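Fair warning: this is a prediction, and the values are worked out from it, not measured in the lab. In what follows, chains carry the letters A, B, and so on, assigned in the order in which the sequence lines appear, proteins first and then strands, with residues in each chain numbered from 1. Computed from heavy atoms alone, side chains included, the values below leave out hydrogens, waters and symmetry copies.
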Amino acid sequence: MKLILAIIKPFKLDEVREALTGLGIAGMTVTEVKGFGRQKGQTEIYRGAEYATNMVPKVKIELVCDDALAPRVVETLQQSAGTGSIGDGKIFVLDVGQAVRIRTGETGEAAL
Amino acid sequence: MKLILAIIKPFKLDEVREALTGLGIAGMTVTEVKGFGRQKGQTEIYRGAEYATNMVPKVKIELVCDDALAPRVVETLQQSAGTGSIGDGKIFVLDVGQAVRIRTGETGEAAL
Amino acid sequence: MKLILAIIKPFKLDEVREALTGLGIAGMTVTEVKGFGRQKGQTEIYRGAEYATNMVPKVKIELVCDDALAPRVVETLQQSAGTGSIGDGKIFVLDVGQAVRIRTGETGEAAL
Amino acid sequence: MTKGEIMTFANKFAAGAGAVGLSLFAALPAWAQEAAPAVAEAAAPTPDKGDTAWMMTATVLVMAMIVPGLALFYGGLVRTKNMLSVLTQIIAVAALAMIMWVMFGYSLAFGGDANQFVSAGKLFLAGVTADSTVATFTDGVVIPEFVFIAFQMTFSAITVALVLGGLVERMKFSAVMVFAIVWLSIVYYPIAHMVWYLGGTDEATGLIFGWGALDFAGGTVVHINAGVAALVGCLIIGKRNGYQKDVMAPHSLTMTLIGTGLLWVGWFGFNAGSALEANGSAGLALINTFTATAAGILFWMLTERALGHKGSLLGACSGAIAGLVAVTPAAGNSGPFGAILLGAVAGVVCCWVVMKLKAKLGFDDSLDVFGIHGVGGLIGSILTAVTMLPALGGPAGEDYVLGSQLWIQIKSVGVAVLWSAVGSAIAFYIAKAVTGGRVSAEVEREGLDLGEHGERAYNY
Amino acid sequence: MTKGEIMTFANKFAAGAGAVGLSLFAALPAWAQEAAPAVAEAAAPTPDKGDTAWMMTATVLVMAMIVPGLALFYGGLVRTKNMLSVLTQIIAVAALAMIMWVMFGYSLAFGGDANQFVSAGKLFLAGVTADSTVATFTDGVVIPEFVFIAFQMTFSAITVALVLGGLVERMKFSAVMVFAIVWLSIVYYPIAHMVWYLGGTDEATGLIFGWGALDFAGGTVVHINAGVAALVGCLIIGKRNGYQKDVMAPHSLTMTLIGTGLLWVGWFGFNAGSALEANGSAGLALINTFTATAAGILFWMLTERALGHKGSLLGACSGAIAGLVAVTPAAGNSGPFGAILLGAVAGVVCCWVVMKLKAKLGFDDSLDVFGIHGVGGLIGSILTAVTMLPALGGPAGEDYVLGSQLWIQIKSVGVAVLWSAVGSAIAFYIAKAVTGGRVSAEVEREGLDLGEHGERAYNY
Amino acid sequence: MTKGEIMTFANKFAAGAGAVGLSLFAALPAWAQEAAPAVAEAAAPTPDKGDTAWMMTATVLVMAMIVPGLALFYGGLVRTKNMLSVLTQIIAVAALAMIMWVMFGYSLAFGGDANQFVSAGKLFLAGVTADSTVATFTDGVVIPEFVFIAFQMTFSAITVALVLGGLVERMKFSAVMVFAIVWLSIVYYPIAHMVWYLGGTDEATGLIFGWGALDFAGGTVVHINAGVAALVGCLIIGKRNGYQKDVMAPHSLTMTLIGTGLLWVGWFGFNAGSALEANGSAGLALINTFTATAAGILFWMLTERALGHKGSLLGACSGAIAGLVAVTPAAGNSGPFGAILLGAVAGVVCCWVVMKLKAKLGFDDSLDVFGIHGVGGLIGSILTAVTMLPALGGPAGEDYVLGSQLWIQIKSVGVAVLWSAVGSAIAFYIAKAVTGGRVSAEVEREGLDLGEHGERAYNY
Ligand SMILES: Nc1ncnc2c1ncn2[C@@H]1O[C@H](COP(=O)(O)OP(=O)(O)O)[C@@H](O)[C@H]1O
Ligand SMILES: Nc1ncnc2c1ncn2[C@@H]1O[C@H](COP(=O)(O)OP(=O)(O)O)[C@@H](O)[C@H]1O
Ligand SMILES: Nc1ncnc2c1ncn2[C@@H]1O[C@H](COP(=O)(O)OP(=O)(O)O)[C@@H](O)[C@H]1O
């Protein structure tokens, strides 16, 4: 199994989720994060004090799927999350040793 | 070493933490996340506009332990986090190459 | 490639980011988390009801870099995030199988 | 010459009605003229300090309705990223309206005899001093003119601010400011004149006032007017991107509750202050402002239940405003149970319009200015003719004829709707032409707070 | 016939006391009867506009105490997931109380002579017009009856809302509404009558009023009453799941501070408005409402220090309320330093009850309605007998006898506690029987906002 | 003997000025003495209830400025971790000031003739009863003394609370309390006496008052005074760690907006209440408090644009306060367009000082107390001499000499600045010596909420 870790633009989340559901993905976990990268944040000014945030709000998706599906998940993610402009984000793929569904105790791909 | 990544119901966190402490686990890191899965969220209505959230609040636990302990951690997690109802969550296990305690620079299992 | 996962004290974030930028790191992702470990939280009292939080606010950094750079990243992290007092945090290193830049579709180290 | 005669009328009429709840907004010019000489004879009256105290308090209360009241009510309903834009628009537009009011707004609305559509005179408050007074509805009773100017100033400020609720989350700040300047000039000042100004002759008296329409505290001038303008505006400016698709849930109903509370609290100044005196009529307006609102709250929540939903806080808040709006024209023209009736009808009808009808029509009157202020204002303005009836505890005299008053109310509402619709369209098109109207799609997505004001509402 | 005589008494008594701080709430029926004819002789008095202005302002201020004041004070103290349920309960219950008040509440409390426990007459405000007046405590001084009705209406609304603080985070919305209907009918209206109604005969005068008890602005009627009801309620409805185990920290002390501020601000209307006139007695109540509160704040914080903790904002806010509660019965019956004394005692004692005693007894009076309003009300109601003493700057006359007044105060408090306890138990059991009382364990866990109202307070 | 004569002067002077906007703060002692006997002849006047009603309302409005007004305005501007510390400091310091005021503050400021720097007498309000009255600016018009004491009490409370804005996020709570005790005693009470007290002789009259300086509602006493104290304080206590390096963005501009709104609303009590009567002069102060603020808002935002930034909500809020501060000394000493001028100048200058100058000088007057209250107060206090001119719509009489009045204003401001600077330095050094002054670096980093008060503002 693979853990697919994608950092995307927040407003793309709905689109991405729909695209992945289309692939048959039944679950994922989403976290609000701040990204630091090439994309620069906006400048805020409060009574003359300027704060140029180099942290941009992003959304992180964590999704475990079986090895076979992983390439298509990555591809779908890349297509649905892309806008072509800087800051679109990254996808990382890691190996997962084991998965367990807490409710039933099922393990492996049955747990997903 | 293993990274154990568990997604659980938020109100179970205290119970889980106590169970893990019982195992001798000295540390873990917790993040508020939103889960997408079989469990459906509640519907909110604001002046007739209905929003059915398919994102359910969950808590993610990240915990690194030595290989030997991992199976018991998974088992304890599964038992203490389970309610038997849909949406109880998942446990994923990944390999960790290295661990460092920032304060002391200790590495490996000594860092945990 | 390696995923470097560091849990640090929140007020150290700026310093750490500067140190890493100095190493040539172009991106990272940051999440607000709660840490459970040796460091104890502060006690809050509301009309006599005492709540001793054993959860301490921490910041988690996720950063993917090529294998060669990883040791120096870990070292830099450890130095810049350290205060020498309890609760300074941990660094974990995991293997990353694949990386994709969403905007361009570049993969591998070119994606970072 | 402003209102010296109104009270005479009010007195006569009121004699039959038990001297209750009769507002200057209900005059028959013929009577007024006949009575005018009597006033002239009296020595210059000095203001009663009780009246002055109450009218200053009432003015301050209306101020509380705008900032923080309305600002929070609206602000809580938008998404976090647009919070500051709403707050900024409301405070800035209110400030603008205040400056405009002392420059030429008061002149156009109440400055002196000209015609049935606008006043003339007292430009830049020429000639007004701390000794100047204006007449109230009671013979020989006056209040300091500066207090009257300030009280009416707050009405113009809140009305233009109300309109913005239909246009949040997408309109440029500059467009809002241009709109406000034009709209106040060609819509608000004329309608205020038409409804509330009694001149020395029929030809100088406001058109609707001349007909004898009842509008105690501004059902037409404020609420129908703002509601129609918001509707026209949201059609011209267009829907928010993602409307009826994205989640656009209120970012803080807590703020909306605070706003509701302050609106309610301030509305006692709005309604009971419109008596212009600290007397029994004000007391009646005061108690009606409790009962109508309470009924609005409970009946909106009951309607939610009837439509198959849970009774909600946003429902309670919306019902409170609907009740307040509906009782505004009737505040002194109704008994406490007539007011309950108004609140209940407005609660039920506005709830249905907002929850059911609007979704079908598909326009994006984002914060339901038309659905609540427009519709509630219509209900109140027309039913005021009914709540006047003694059978319902209303203050009408024996010679009161329901049918003809109803017709006057309907006619008046019709004129207000029409004038507001046409004038608002002009104002929005000018704003669009001058500034572009809408922010870019990217600013809309990232939020107007950063895009238009360079700030973030919360940094927790 | 309502209060014509009270003022006569007040005047006489006040003569010795320097015409200060004497409230209608302190009558000796014997005197009153003797004096009654004098009133009848006078021509129908017209309200002074200054009094009317002040009483309308005071009414509006009490409204601000409820929404947004109390709603925020309580709302800030619960967990995020239950925020809206608190806000909704308070606004809905207040609305209900207002409608009930004009229907039969005013009738039962102040409607006319019947017996020592309730009034009769003026059902649905029959016969009340904008010309109706009620007497104040000064001979020949009246205010519009609608204003008096509205002022008293707000008291009934806030009292029932106060009770809810003991029951948050677990009670069904429907149960809250049923409870409110029953409780107002069988507890609030009778107690208000007993404490504040002077009839034409001893037999028609309220029981406690007849004894000559001092309660300037509602120590028994409002605070002891609400405190006892909350205590009884939390015992009947039961503890929150996870009480004394889970973290139940306030979700926003900022909101609690806003609520505290608005409660304080509004309380000037509550206390100084209870003078029913804009006079020196009101002025005294005004300044006491500053000093007692200030003392409550500082002494609660000092007690926190004495108990080994840090002085906290929640402590300051709690102390402010404790001081306000304690000075309520004494507002016009004390000098500024007597008020400081009351605030200090209430600050220390309530702090100790809430921080130490409550934990031991283990009941879940969630927001400390009993600990602050009940205990503070007891302190204030009993010590009022002491602050009356001229030695402490109080307004008592030469013939004032501390011992006998103390006994009257204690007796009165005893009756109020008993009546409230029994009546509240009945009201809560009826609510439980009709609706089930509590939400399900799952709704309690997920929060009442979603479960009961289908909304979320914040969508940041 | 306090103010019996002031009004006589006021009347005379006002005769030429159209009886407008003349405050007791502008007296020529010579006239006053001559006129004194006339007062003595009159029978003891009773307060007009309209005046009493208004002054009680005004007092309540100023209370709303402090908590929740100022608390939220300041609280919203700090970081989340220090929110509660700001709120706690403000409520606690206000409570302290209230207790001190009735103990010896009123005595030192207004207690009776002593010298040009302080009063004497009425310690612990000795001899004051609900029947006591003080004179207003009009011959024979009085208000209850308790109301006057309470009104002035709120001024002392808000002034010391204002100072804290320069010292947030680093000062110990205990240090704040010690500072407040010393500062009120040696700075506030003397300056209030110097500016506002007219004694029976030249030697007992306040120094600045004796010169004939104009300060309608407290430009010197409140704003310059607080601004200078904050500047001195932030230099003595030092910068926040990380100042001009870390992100110190406001944690909730929503709270700052609520605070701004409540400050504005309450300021009508502050300014129009300073007329001490419900009359035309109060009405003028009322309308000026609208127009100056509106101008402040718009001109601050325009200045932001001129400096190359976006018009911001924080700019609008800051401009509102700048306008309010500037119009304070001029409230009844200016026409509505003079007030607009003041607001505009203050908006532009304060914006430039805060956004440009301050960064260069590098001191950490954290919430710009000096930049807005100090600078705005200077502008208002000096330009009041100009807005008095009839050419600008001001209320000056024919014998008004601009040059000499300007000189008086400048001299007065100079004395206030000097006295405040020296006295504040003493107060801060004492606070530092007694308590250490600053929290530890660790507490500063973790936040004062947990470190000093053991609480957290938000638990979402
Ligand atoms: N090496 C990295 N490790 C972890 N996250 C990264 C890394 N580089 C970028 N990111 C994340 O991806 C986001 C987008 O990266 P950025 O460099 O701004 O643009 P792009 O993805 O178009 O190259 C960043 O905001 C950050 O959250
Ligand atoms: N494939 C997945 N990858 C990552 N997280 C998942 C995945 N599937 C489910 N989850 C997480 O687990 C939670 C519970 O899953 P769900 O399907 O609702 O119920 P159950 O765990 O009982 O099967 C989800 O809310 C989500 O956070
Ligand atoms: N085994 C672990 N797995 C994951 N995170 C851990 C683990 N142990 C500690 N942490 C994280 O590191 C933080 C610091 O750990 P702590 O034990 O308090 O101090 P130290 O790092 O100095 O040993 C914790 O708050 C927690 O977030």
Side-chain angles (χ1 to χ4, degrees), chain D residues 18-21 48-51 53-54 57 61 79-80 247 249-254 257-262 264-265 268-269 272 277-284 286-287 290-291 293-298 301 309-317 320 332 335-337 340 393 395 458 460, chain E residues 47-57 59-61 63-64 66-69 71-72 75 83-85 87-88 91-92 94-99 102 124-125 128-133 143-147 149-150 153-154 173 252 255 258 262 278 449 452-460:
Chain D
V20 174
D48 183 289
K49 283 174 153 180
D51 290 335
W54 171 241
T57 305
L61 287 171
R79 287 165 289 175
T80 308
V247 173
H251 91 281
S252 173
L253 286 181
T254 299
L257 181 277
I258 304 180
T260 304
L262 294 176
W264 192 353
V265 164
F268 292 103
E277 291 179 59
N279 58 12
S281 175
L284 179 62
L286 184 87
I287 197 164
F290 279 103
T291 57
T293 316
I297 291 168
L298 298 178
M301 293 181 85
H309 303 306
K310 289 163 180 152
S312 69
L313 178 67
L314 182 52
C317 293
F337 289 91
I340 290 181
Y458 307 101
Y460 283 122
Chain E
D48 184 288
K49 283 174 154 181
D51 289 336
T52 306
W54 171 242
M55 289 310 297
M56 291 200 289
T57 304
T59 306
V60 173
L61 286 171
M63 178 66 224
I66 311 174
V67 184
L72 294 177
M83 176 62 169
L84 296 184
S85 75
L87 303 180
T88 313
I91 197 172
L96 189 67
M98 289 169 194
I99 303 281
V102 291
F124 285 83
L125 306 187
V128 180
T129 72
D131 286 333
S132 311
T133 58
I143 55 170
E145 186 163 7
F146 273 140
V147 174
I149 298 173
M153 175 196 275
T154 58
F173 181 63
S252 174
M255 291 302 144
I258 304 181
L262 293 176
D449 290 3
E452 289 277 289
H453 306 290
E455 300 163 306
R456 207 181 282 280
Y458 307 101
N459 286 291
Y460 283 122

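Here the closest heavy-atom approach between residue D/Glu277 and residue E/Lys49 is recorded as OE1-NZ, 2.6 Å. What you find for E/Ala95 and D/Ala294 is that their closest heavy atoms are O-CB, 3.4 Å. The heavy-atom pair separating D/Thr291 from E/Ile99 by the smallest distance is O-CD1, 3.9 Å. Among all heavy-atom pairs drawn from E/Ala71 and D/Leu257, the shortest one is CB-CD1, 4.1 Å. When every heavy atom of D/Met301 is checked against every heavy atom of E/Ala92, the shortest pair comes out as SD-CB, 4.3 Å. For the residue pair D/Pro336 and E/Phe146, the shortest heavy atom distance occurs at CG-CE2, 3.7 Å.
Annotation: side chain of D/Leu298 is in contact with side chain of E/Leu96 (closest heavy-atom distance under 4.5 Å). Under the 4.5 Å side-chain criterion, counting only non-hydrogen atoms from C-beta, E/Pro144 is not in contact with D/Asn279. Proximity of E/Leu72 to D/Ile258: side-chain heavy atoms (C-beta onward) are separated by under 4.5 Å at one or more points. When side chains are defined from C-beta on, D/Phe268 does not count as touching E/Met56, because their heavy atoms never get closer than 4.5 Å. Taking the side chain as every heavy atom from C-beta outward, D/Phe290 and E/Thr59 approach each other to under 4.5 Å.
Here D/Thr254 pairs with E/Tyr458 under the side chain to side chain donor-acceptor pair (under 3.5 Å) rule; sequence neighbours left out. For the side chain to side chain donor-acceptor pair (under 3.5 Å) test, no residue two or more places apart in sequence or in another chain qualifies with E/Asp48.
Annotation: maximal heavy-atom pairing with chain D below 4.5 Å, among E/Arg456, E/Glu455, E/Met83, occurs at E/Glu455. Ranked by non-hydrogen atom pairs under 4.5 Å with chain E, the options D/Ala249, D/Gly311, D/Gly296, D/Ala272 are led by D/Gly311. Ranked by heavy-atom pairs under 4.5 Å with chain E, the list D/Gly261, D/Gly269, D/Gly259 is led by D/Gly261. Between chain E and the options D/Ala53, D/Ala278, D/Cys317, heavy-atom pairs under 4.5 Å are most frequent for D/Ala278. Of the residues considered (E/Ala64, E/Ala457, E/Ser85), E/Ala457 shows the highest number of contacts with chain D, using heavy-atom pairs under 4.5 Å. Interface remark: of the candidates E/Asp51, E/Val147, E/Val60, E/Val60 forms the most heavy-atom pairs closer than 4.5 Å to chain D.
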Could you go step by step and tell me if D/Thr293 and E/Met98 meet the side chain to side chain contact (heavy atoms under 4.5 Å, CB included) rule? CA-CA 9 Å; D/Thr293 316; E/Met98 289 169 194; over 6 Å; no
Go through the steps for D/Leu314 and E/Leu84 under the test side chain to side chain contact (heavy atoms under 4.5 Å, CB included), then give the verdict. CA-CA 9 Å; D/Leu314 182 52; E/Leu84 296 184; over 6 Å; no
Hey, mind stepping through D/Ile287 and E/Val102 against side chain to side chain contact (heavy atoms under 4.5 Å, CB included) and telling me if it holds? CA-CA 9 Å; D/Ile287 197 164; E/Val102 291; 4.3 Å; yes
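Interface remark: E/Met153 contributes side-chain atoms only to the contact with chain D (heavy atom separation under 4.5 Å). For E/Thr154, the part lying under 4.5 angstrom from a heavy atom of chain D is the side chain only. Interface remark: D/Leu61 contributes side-chain atoms only to the contact with chain E (heavy atom separation under 4.5 Å). Contact of D/Ile340 with chain E is made through the side chain alone, with heavy-atom distances under 4.5 Å. Contact of D/Ser252 with chain E is made through backbone and side chain together, with heavy-atom distances under 4.5 Å.
Put simply, OG1 on D/Thr260 and CD1 on E/Ile91 are 6.0 Å apart, with the number rounded to the nearest 0.5 Å. The CG atom of E/Leu262 sits 7.0 Å away from atom CG of D/Leu262, with the distance rounded to the nearest 0.5 Å.
In this structure, D/His251 contributes its side chain and E/Asn459 its backbone to no donor-acceptor pair below 3.5 Å.
Taking the six-membered ring where the residue is Trp, E/Phe124 and D/Phe337 present tilted rings, their angle falling between 30° and 60°.
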